[in-house]
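Residue numbers start from 1 in every chain, and the chains themselves are labelled A, B, ... in the order their sequence lines are given, proteins ahead of strands.
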Amino acid sequence: MGKSLVIVESPTKARTIEKYLPKGYVVRSSMGHVRDLPKSKSEIPKAYQDKPWAEISVNYENEFEPIYIISRGKKKVIDELKKELKDADELILATDEDREGESISWHLTEILKPKVPVRRMVFHEITPEAIQAALAETREIDENLVRAQETRRVLDRLVGYTVSPLLWKKIGGQLSAGRVQSAAVKLLVDRERERLRFRTGSFWDLRATLARQDIPFDARLHAVDGTRIATGKDFDEQTGRLKEGAKARLLDEAQARELARSLETAAWTVLEVKEKPETRRPAPPFITSTLQQEANRKLNLSARRTMQIAQDLYQRGFITYMRTDSPVLSDQAIRAARHWVESEYGKDFLSPKPRQFKPKAATNAQEAHEAIRPAGDRFKAPRETGLSGEELKLYELIWKRTVASQMADAKQTQITVRIEAANAEFRATGKRIDFPGFFRAYVEGSDDPDAALEDQEKPLPPLAAGDTVDLQSLEAVAHETKPPARYTEASLVRALEEKGIGRPSTYASILGTIIDRGYVRAERKALIPTLKAFAVTQLLEQHFPELVDLDFTRDMENVLDRIAAGEADWLPYLRDFYNGPTGLRTIASQREAEIDVQQARQIELPDLAPHEVRIGRFGAYAVVHLDDGNTVNVNLPDELSPDQLTPEFLRELAEQKASG
DNA sequence: CAGTGAGCGAGCTTCCGCTTGACTT
């Protein structure tokens, strides 16, 4: 009786699958990619070391052939696979069914050079039935998909290893640029620029505490003499003043206090009670990006920590695979979730029909896996797992989110009450939960700490038009408009995922990369780009605008999809991208001669003239212009955030330096 | 240690995406 060697990517998967396959099937894992381009000069094979393209390890002078080497640490894996293959009658490649997985299978055939028949097997569910079915329906390696992956790999190398050296020459060593990281840094820098341009606006309004039948409630001033009172939305972010043409009245402190005094003796009457019914649907089951966001919001875990815990839960059989971009639940998962809804919350809380979820159309989802959910066809309740601490909390989060996805919609009513007092109109808002539905199990978190919890009632006393209400207190309240919030790791991951930038396996490491390069600093949860990030982003915007365009990845993905479908050729695409008259190589070598180092190291910041901020050999410094016409250079500490750079602050630094 | 920010030469840095477990702090 012969033996079949089956290769998957993950050892955990290998163990599970082996149980579902007949005797004689040996399942081993590749541990991800096994070959790649050389990382540094020391890894380049001797035969290529003197080529002009050696460092990039892609022959752009000819047909963009990549030089592949066995990745560091994968020699043992390969030796083991070779050994197993020796006495096997066939090789079955069962890596993930996506671009990267197809490529791993192809690389394996290139390295193992099997003399036995090779079959490609794919499955999306790890159940005995799905595995059996997959075994019966094997195919060949999809060469077009492999070329699409190779094109992606080569393009990323061309970008990274062509632009980074230019940054070393013009700004400083150890810097880097890449399709993903440069887009992430651009997002952070753009947000910081918005904050720098932002001007605070201030306004006043009134808050009344009213009561009906001794039940108190709050109402806010809405209009005076029929004209709406200005709120934050009416302000121009650039000037801090009311937007031009805003049909709202701005109250200052004196006016607000005067109005409050005049209303103390007024009669307060309900004009209208408006009720608006609303339906809320549960969030889709977790994918990698949403798991990272929610674990950050609710458990205060970093993306990296979340993935460590999830990996552990996966390897111990508690959850399905944690790196996925598909929210799809298998039929068995839907049944298991609905079972828990019935037993924990009752039949009334089931959604009338099973809910299935599709990936967002805008993303580049490749759907090799299903959603992140409790494993198996009968989810273990959190209390049955024997888990504790962060592991229990994360499992519970996944369990609740999955179960909630099969629960009924929540029904609620938004209530708006208009109240008149002399020439002023006040408004009170309330919320009533008519049927909690999935709120019972799980409500998605918010990045805005001020946002009201979605599942919270906000009660109002019974009110009807014509009712009079009692004034208990009335006060003038000052408000200030706030600049757009800085990104957090969670909101950055969401932004990248929305743009299709990065993959489930890389979200957690993107932040690590840009922190290592000195492009960003985390203060509590806020991500603050450094002056270095400003300098690099400026240079890229000016000379390589397409690389920091947030649609760059999307455009690339469209081409890759066409390559995978056999509708487009990879070679002309790469040639055009790199070698053509407007190609990256051409532009980069032109710019190398043209870009002035002094100018590249100078950072454009609003409202700083005549002072200047530059990146020097030893970090950032400012050229401060003194009143006597002289200038003095002062160091800028690394932990300085761009919004602290004001002319006053720079003068202070200069004085400190003079006296200290 | 404080303070640097020029220019020459050497050699080095760098991308993204797939996986764990072996390292160190």
Side-chain angles (χ1 to χ4, degrees), chain A residues 7-14 29-42 55-58 66 71-74 76-77 95-96 98-105 107-108 149-169 171-184 288 307-308 311-312 314-315 321-323 325 364 366 368-369 496 501-510 513-514 516-518 536 547 553 556 584 597-598 601-602 612-623 631-636 657 660:
Chain A
I7 304 179
V8 297
E9 289 177 47
S10 137
T12 307
K13 215 169 170 181
S29 60
S30 74
M31 311 264 195
H33 276 294
V34 288
R35 283 208 311 187
D36 194 13
L37 304 169
K39 248 184 170 40
S40 62
K41 286 199 171 108
S42 60
E55 186 171 334
I56 285 181
S57 296
V58 172
S71 306
R72 222 155 53 92
K74 290 296 166 65
K76 256 179 80 176
V77 175
T95 52
D96 295 347
D98 57 18
R99 208 158 62 205
E100 300 295 329
E102 202 73 13
S103 167
I104 292 172
S105 280
H107 279 291
L108 284 170
Q149 190 278 344
E150 190 163 68
T151 306
R152 197 279 307 156
R153 179 67 192 93
V154 166
L155 184 133
D156 281 332
R157 170 55 67 100
L158 295 174
V159 171
Y161 278 44
T162 302
V163 181
S164 300
L166 188 64
L167 295 179
W168 305 339
K169 284 171 195 130
I171 299 179
Q174 277 76 42
L175 294 177
S176 63
R179 175 176 57 84
V180 171
Q181 58 170 283
S182 296
T288 305
M307 295 309 282
Q308 279 170 356
Q311 168 111 17
D312 188 60
Y314 164 68
Q315 289 180 339
Y321 196 60
M322 64 282 156
R323 290 186 276 263
D325 51 21
N364 303 306
Q366 306 202 9
H369 306 276
L496 291 172
I501 299 169
R503 303 281 313 137
S505 65
T506 59
Y507 295 137
S509 57
I510 292 170
T513 302
I514 59 180
D516 286 349
R517 299 281 168 274
V536 169
L547 297 187
T553 291
M556 175 196 76
L584 183 62
V597 170
Q598 279 271 322
R601 292 182 175 184
Q602 179 143 344
E612 291 162 22
V613 173
R614 295 182 190 158
I615 304 293
R617 287 188 292 175
F618 317 101
Y621 67 100
V623 181
T631 64
V632 57
N633 291 0
V634 292
N635 284 331
L636 298 174
K657 189 183 173 188

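Ranking dT4(B), dA6(B), dC16(B) by closeness to the F618(A) side chain, first place goes to dT4(B). Of the candidates dG5(B), dT14(B), dT20(B), the closest approach to any side-chain atom of S176(A) belongs to dT14(B). Considering only the side chain of R179(A), dG17(B) comes nearest among dC15(B), dT20(B), dG17(B). Listed nucleotides dG17(B), dC18(B), dC12(B) differ in distance to R152(A); the shortest reach to its side chain belongs to dG17(B). In the set dG17(B), dG5(B), dT20(B), the nucleotide with an atom closest to the side chain of T506(A) is dG17(B).
Counting only distance, with no hydrogens or angles, the side chain of K39(A) and the backbone of S71(A) share no donor-acceptor pair below 3.5 Å.
Distance check, rounded to the nearest 0.5 Å: CG of D325(A) to OG1 of T288(A) gives 7.5 Å. Considering CD of Q598(A) and CD1 of I615(A), their distance stands at 12.5 Å, rounded to 0.5 Å.
The distance from atom CD of E150(A) to atom P of dC15(B) is 20 Å, rounded to the nearest whole Å. Between Q149(A) atom CD and dC15(B) atom C1' the separation is 13 Å, expressed in whole Å. Nucleotide dG17(B) holds its P atom 14 Å from the CZ atom of R157(A), rounded to whole Å. Here dG21(B) presents its C1' atom at 10 Å from NZ of K76(A), a figure rounded to the nearest Å. Nucleotide dC16(B) holds its C1' atom 17 Å from the CZ atom of R35(A), rounded to whole Å. K169(A) has its NZ atom 17 Å from the C1' atom of dG7(B), to the nearest Å.
Among the atoms of the strands shown, base atoms are found under 4.0 Å from some heavy atom of N635(A). Residue S30(A) is out of contact with every strand shown, counting any heavy-atom pair closer than 4.0 Å. Residue P165(A) is in base contact, counting any heavy-atom pair closer than 4.0 Å across all strands shown. V159(A) comes within 4.0 angstrom of nothing in the nucleic acid, heavy atoms only. Within 4.0 Å (heavy atoms only), K39(A) reaches at least one base atom of the nucleic acid. As judged by a 4.0 angstrom heavy-atom cut-off over every strand, G160(A) is placed among the base-contacting residues. Residue contacts shown for Y507(A) are absent, as no nucleic acid heavy atom lies under 4.0 Å away.
A sub-4.0 Å separation between OP1 or OP2 of dC18(B) and a side-chain N or O of R503(A) is present. Within the 4.0 Å cut-off from OP1 or OP2 of dC15(B), at least one side-chain nitrogen or oxygen of R517(A) is found. A sub-4.0 Å separation between OP1 or OP2 of dT13(B) and a side-chain N or O of Y161(A) is absent. An OP1 or OP2 oxygen of dG21(B) is reached within less than 4.0 angstrom by a side-chain nitrogen or oxygen of Q315(A). Contact check, Q181(A) against dC16(B): a side-chain N or O comes under 4.0 Å of OP1 or OP2. OP1 or OP2 of dT20(B) lies within a sub-4.0 Å distance of a side-chain N or O belonging to Q311(A). Look at S505(A) and you won't find any side-chain N or O under 4.0 angstrom from OP1 or OP2 of dG17(B). Here R153(A) does not reach the OP1 or OP2 of dG17(B): none of its side-chain N or O atoms lies under 4.0 Å away.
Residue-to-nucleotide contacts include a donor-acceptor pair under 3.5 Å from the side chain of E55(A) to the base of dT14(B).
For the residue pair R614(A) and Q602(A), the shortest heavy atom distance occurs at NE-OE1, 3.5 Å.
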